[in-house]
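Only one structure is covered here, and it is reproduced in the block below.
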Amino acid sequence: MTDQDDRIRDPWGPRTPHAAGTAWPERVDQHLRDGVRAEDVQRWVRSACVLCSNGCGLDIGVIDDEIVGVRGRADDRVNRGRLGPKGLYGWKATDRDRLTKPLLRDDDGHLVEVDHDTAMRAVVERSRSLLERRGGLSHGFYTSGQLMAEEYYTLGVIGKAGLGTPHMDGNTRLCTATAAASMKESFGADGQPGSYDDIEHCDALFLFGHNVAETQTVLWARMLDRLDGPDPPALVCVDPRRTEVARRATVHLPVRPGTNVALVNGLTRALIHRGAVDHDWVRAHTIGHDELAAVVEPYDPARVGEICGIDPADLQAAADLFADARAPLSTVLQGFYQSHQATAAAVGVNNLHLLRGMIGRPGAGVLQMNGQPTAQNNRECGADGDLPGFRNWDNEAHVDELAELWDVDPITIPHWSPPTHAMQLFRYAEQGSINFLWIAGTNPAVSMPDLGRIRKILSSEDVFVVVSDAYPTETTALADVVFPAALWGERTGTFTNADRTVHLSEQAVDPPGEARSDLDLWLDYARRMDFRTRSGRPLPWWRTPEEAFTEWVRASRGRPCDQSALTYELLRHHSGIQWPVTEEAPTGTARLYTDAVFTTDTDRCETYGHDLLTGATVTREQHRALRADGRALLKAVEHTPPPGSPDTDFPLRLITGRTVQHFHTRTKTGRVPELERSAPRAWVELSADDAGRIGVVAGDAVRVSSPRGCIEAPVRITEVRPGTVFVPFHYGEQAANELTLTAWDPVSKQPQLKLTGVRVDPVTTPAGTSTAQQEAAWD
Ligand SMILES: Nc1nc2c(c(=O)[nH]1)N[C@H]1C(S)=C(S)[C@@H](COP(=O)(O)OP(=O)(O)OC[C@H]3O[C@@H](n4cnc5c(=O)[nH]c(N)nc54)[C@H](O)[C@@H]3O)O[C@H]1N2
Ligand SMILES: Nc1nc2c(c(=O)[nH]1)N[C@H]1C(S)=C(S)[C@@H](COP(=O)(O)OP(=O)(O)OC[C@H]3O[C@@H](n4cnc5c(=O)[nH]c(N)nc54)[C@H](O)[C@@H]3O)O[C@H]1N2
Ligand code: SF4
Ligand SMILES: [Mo]
């Protein structure tokens, strides 16, 4: 057992180094409330951490219906007992400042406490009257990557088969829409090819825009245990900042923000010129090689060095490491997904693996990462811009399958155009065509780009806003109805991490006051709306999480994310099971595409694809003409210059992101003393060069301005790339999103949260002096 304070001083905990191909050793981390000993705990309840997409297995300790701590589960395939700072301390937020009563906005505009029945009646009245007057398209739903599979599936059914609205998406659009899009474009469907076990087998690790050391600390611990072992893999880090990952890297490529496509094109060209392409494999299992080779040909190291602002020799060194690796493993995250040409850049990483046939084998894998703990479930279950079971909205047969499963007319299920993406959903609300917006498990008044605009939309008289959350937030403050939500540990459900590992999280304690699970809220809403199947049965007809789960896995049968043999019972006996889980693979599947047959058959694929440059959709006929038939698609496009340039009023590039202690808008981590104390307020990272030019030193207050707004915060001088400014996005009172713009990737529709032109100026006090002294006083 390790010292409970370790994770603040050392987020990764003690090393357990080991050799390639050997199992990752166990290390059990535990943290209990002061004065409580392990032997005092009355019950240990099976769960997993919900503070990032790693999904570390843990047990919740309970005494007298109170959560008193957590303990990592030694036999869990994801963490082997380890927990990071958020996992170890995050549970402390569950009993602080909770919403316990529903709130309803009264005639004077105040949110007042009411009972559940009054709040739900107000929601149903508004929904009914809109449905009669304006139809299902007046309704929109914006959810999360933090609810449970059972909840997403149930909401998907209510929205698609009950109301018949295509306006449903998750904050997953801001998070991992590009992960999904890149896998759909390359492999034909969403679904992570690789496995975390690949870390034990790889001989080269490539991290593309992924600050894993701060954002999945236990995954980094797993990598560190190889890096500190006898035969460490090479490590390549692509990030404009000298992060902890960069510090450990064999090669660090500190690219200029927004130039990822030039970089991957350069790496691809170098592989081809090195003769590292496995031509037999490529011929047998892919299409598009010649077009790809032609697109990347102009990206020689000198040119890429110029565009990306990196040393051409470093690019060549990174390409050589990939070319020589026996088993390269790549991870991709927000530095790619939230930047310029997001899907094209992420697809570029898939291409590198396909060209060398490095996929579906131990150690050789791609991890198009997730961020939120249950983002994967929203994508699978179809409460985001996808249909359940990775079905293709543009394929009549797929829609008919759903109509059959739900016993409704196929016409009810909207499929005349792609499901509405989050940015468009807010646009419809702004324009007045969506008048009812239900938001669950997300805080858009801090996390969406261009906050001034988002706040205006949420405050509009023309939109009836329903929010369910566990805490009062910037978003609940703007709602018309607020439902207090049951949190993790207060309800039962399943969720799936970034490498397809499903965990069951059982209810440990009762929710406080009148708080209810999102599942119960949506089932209650549906009952009162009296949605029915064709044969007159209530829709949805299920009531409990386990019944919802059974319906969901039934809907997944035969699809790439087939979980038809998965049950709660099985999940109680295996600590984490990777889908597909079928009669043929009853305890799960480590890797996809081990037979190099991809999901690109026209009748089976999740999408017919897009033009990566413009986002134009490929039609069914065009897709069929490709004759991909199970072969992966190699796709590349030229780099286009990122918007903004140094000679404008906004000469610096703002990138935003995370710090190790905080989760998103801090509704949980801001209520945990250990975490909040270590990172109590926002800051602005500048390079020493830029700070010198602006005339500020560490601790000085600066104002960061963009065409949209401005924030003020103290300076930190770091090894961020000159010309680049980094601001964490966690702090509602100094929100980075006051600065970001309304712009998104043409394919994945993921907003560009990491690419805004800004200027930075010193803040001076009224007396005209710098505020450095005042800052020093704050610290
Ligand atoms: N502590 C903590 N952990 C978390 C979360 C959290 O809020 N806090 N959130 C979870 C969630 S939902 C997510 S999505 C993940 C996100 O996990 P990450 O993607 O690892 O985190 P970010 O800090 O958003 O961005 C990663 C890196 O992208 C770099 N970057 C910015 N622009 C570019 C670019 O143009 N090119 C390249 N190559 N890199 C660039 C940034 O410098 C940053 O270090 O973290 C998860 N884990
Ligand atoms: N500038 C900038 N903006 C960003 C990002 C960035 O890197 N830069 N990252 C983006 C990314 S990747 C993400 S994932 C988003 C995250 O953005 P958000 O999802 O808005 O952030 P959270 O603070 O996690 O909000 C989740 C809310 O759900 C509540 N909640 C938790 N569990 C439950 C539950 O079970 N039921 C209900 N009803 N509520 C619950 C929490 O209290 C919290 O208020 O931010 C995005 N915005
Ligand atoms: S790595 Fe992620 S899932 Fe694991 S303990 Fe940390 S926050 Fe939780
Ligand atoms: Mo995310």
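Both ligands and their constituent atoms are indexed starting at 1 by order of listing.
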So which heavy atom in the protein is nearest atom 26 (C) of ligand 2, and how far is it from that ligand atom? Gly441 O, 3.3 Å
Mind telling me whether Tyr89 and His31 have parallel, tilted or perpendicular rings, with 30° and 60° as the class edges? perpendicular
Test side chain to side chain donor-acceptor pair (under 3.5 Å) on Arg427 and Thr742; report intermediate values, then the result. CA-CA 10 Å; Arg427 178 74 184 134; Thr742 300; over 6 Å; no
Test your reading of the model: is there a side-chain donor-acceptor pair from Asn377 to the backbone of Met148, 3.5 Å cut-off? no
By number and element, which atoms of ligand 2 are closer than 4.0 Å to a non-hydrogen atom of Ser468? 37 (C), 38 (N), 39 (N)
Considering only protein heavy atoms, which is closest to atom 32 (N) of ligand 2, and at what distance to one decimal place? Leu487 CD2, 3.4 Å
For Glu546 and Thr544, which I'm curious about, is there any donor-acceptor pair between the side chains at under 3.5 Å? no
Pair Arg80 + Asp225: basic N to acidic O under 4.0 Å: no
Return the set of residues passing side-chain hydrogen bond (donor to acceptor under 3.5 Å, both in side chains) with Asn54 (not counting sequence neighbours), or none when no residue passes. Tyr196
Measure Ala485 to ligand 2 on non-hydrogen atoms and call it side chain, backbone, both or neither using the 4.0 Å cut-off. side chain
Return the closest protein heavy atom for atom 11 (C) of ligand 2 as residue, atom name and distance. Arg658 NH2, 3.3 Å
Identify the closest protein heavy atom to atom 10 (C) of ligand 2: which residue and atom is it, and at what distance? Gln338 NE2, 3.4 Å
Rounded to the nearest 0.5 Å, how far does OG1 of Thr176 lie from CE of Met369? 10.0 Å
Distance from Trp744 atom CH2 to Gln750 atom CD, nearest 0.5 Å? 13.0 Å
How close does the nearest protein non-hydrogen atom get to atom 37 (C) of ligand 2, and which residue and atom is it? Asp518 OD2, 3.3 Å
Residue list, ring pair (Phe, Tyr, Trp, His ring centres under 6.0 Å) with Trp552, at least two apart or on another chain: Tyr153
No waters, cut-off 2.8 Å: how many protein N, O or S atoms are close to atom 4 (Fe) of ligand 3? 1
Does only the side chain of Thr473 get under 4.0 Å from ligand 2, or the backbone, or both, or neither? Count heavy atoms. side chain
Part of Thr475 within contact of ligand 2 (heavy atoms, under 4.0 Å): neither
Just let me know how Gln334 lines up against ligand 2, side chain, backbone, both or neither, with a heavy-atom cut-off below 4.0 Å. side chain
Looking only at heavy atoms, is any part of Leu147 under 4.0 Å from ligand 2, and if so is it the side chain, the backbone, or both, or is it neither? side chain
Output all residues satisfying salt bridge (charged side-chain N to carboxylate O under 4.0 Å, His left out) with Glu380, sequence neighbours left out; order by chain, then residue number. none
Among all protein heavy atoms, pick the one closest to atom 44 (O) of ligand 2 and tell me residue, atom and distance. Asp469 OD2, 2.5 Å
Do the side chain of Gln216 and the main chain of Ser53 share a donor and acceptor less than 3.5 angstrom apart? no
Relative to each other, are the rings of Phe729 and His664 parallel, tilted or perpendicular (30° and 60° limits)? tilted
Parallel, tilted or perpendicular: which fits the ring planes of His730 and His662, with parallel below 30° and perpendicular above 60°? tilted
Assess Lys754 for proximity to ligand 2: is some non-hydrogen atom of it under 4.0 Å away? yes
Below 4.0 Å, non-hydrogen atoms only: which portion of Asn737 touches ligand 2? Side chain, backbone, both or neither. side chain
Below 4.0 angstrom from a heavy atom of Phe663, which ligand 2 atoms are there? Numbered from 1 as shown, please. 24 (O)
Sub-4.0 Å heavy-atom contact, Met148 with ligand 2: no
By number and element, which atoms of ligand 2 are closer than 4.0 Å to a non-hydrogen atom of Asn443? 18 (P), 20 (O), 25 (O)
Salt-bridge test for Glu738 and Arg455: reply yes if a basic N is under 4.0 Å from a carboxylate O, no otherwise. yes
Side-chain donor-acceptor pair present, Ser195, Arg77, cut-off under 3.5 Å: yes
Return the closest protein heavy atom for atom 22 (P) of ligand 2 as residue, atom name and distance. His664 CB, 3.4 Å
Please list, in number order, the atoms of ligand 2 under 4.0 Å from a heavy atom of Tyr471. 42 (O)
Does Arg516 approach ligand 2 within less than 4.0 angstrom via side chain, backbone, both or neither, non-hydrogen atoms only? neither
Quiz question: by atom type and distance under 3.5 Å, do the side chains of Asn443 and Glu474 form a donor-acceptor pair? yes
I need the single residue from Arg7, Arg71, Arg73 that forms a salt bridge (charged side-chain N to carboxylate O under 4.0 Å, His left out) with Asp29. Which is it? Arg7
Is the backbone N or O of Met423 less than 3.5 Å from a side-chain atom of Arg173, with the two atoms forming a donor-acceptor pair by type? no
Do ligand 2 and Thr665 have nitrogen or oxygen atoms that lie under 3.5 Å from each other? yes
Under 4.0 Å, heavy-atom basis, I'd like to know which part of Ala486 is in contact with ligand 2: side chain, backbone, both or neither. backbone
Can you tell me which residue and heavy atom of the protein come closest to atom 41 (C) of ligand 2, and the distance to 0.1 Å? Thr667 OG1, 3.2 Å
Should you measure from each heavy atom of Cys175, which atoms of ligand 2 turn up under 4.0 Å away? 12 (S), 14 (S)
State the atoms of ligand 2, each with its element, that fall below the 4.0 Å cut-off from a heavy-atom position in Asn171. 18 (P), 19 (O)
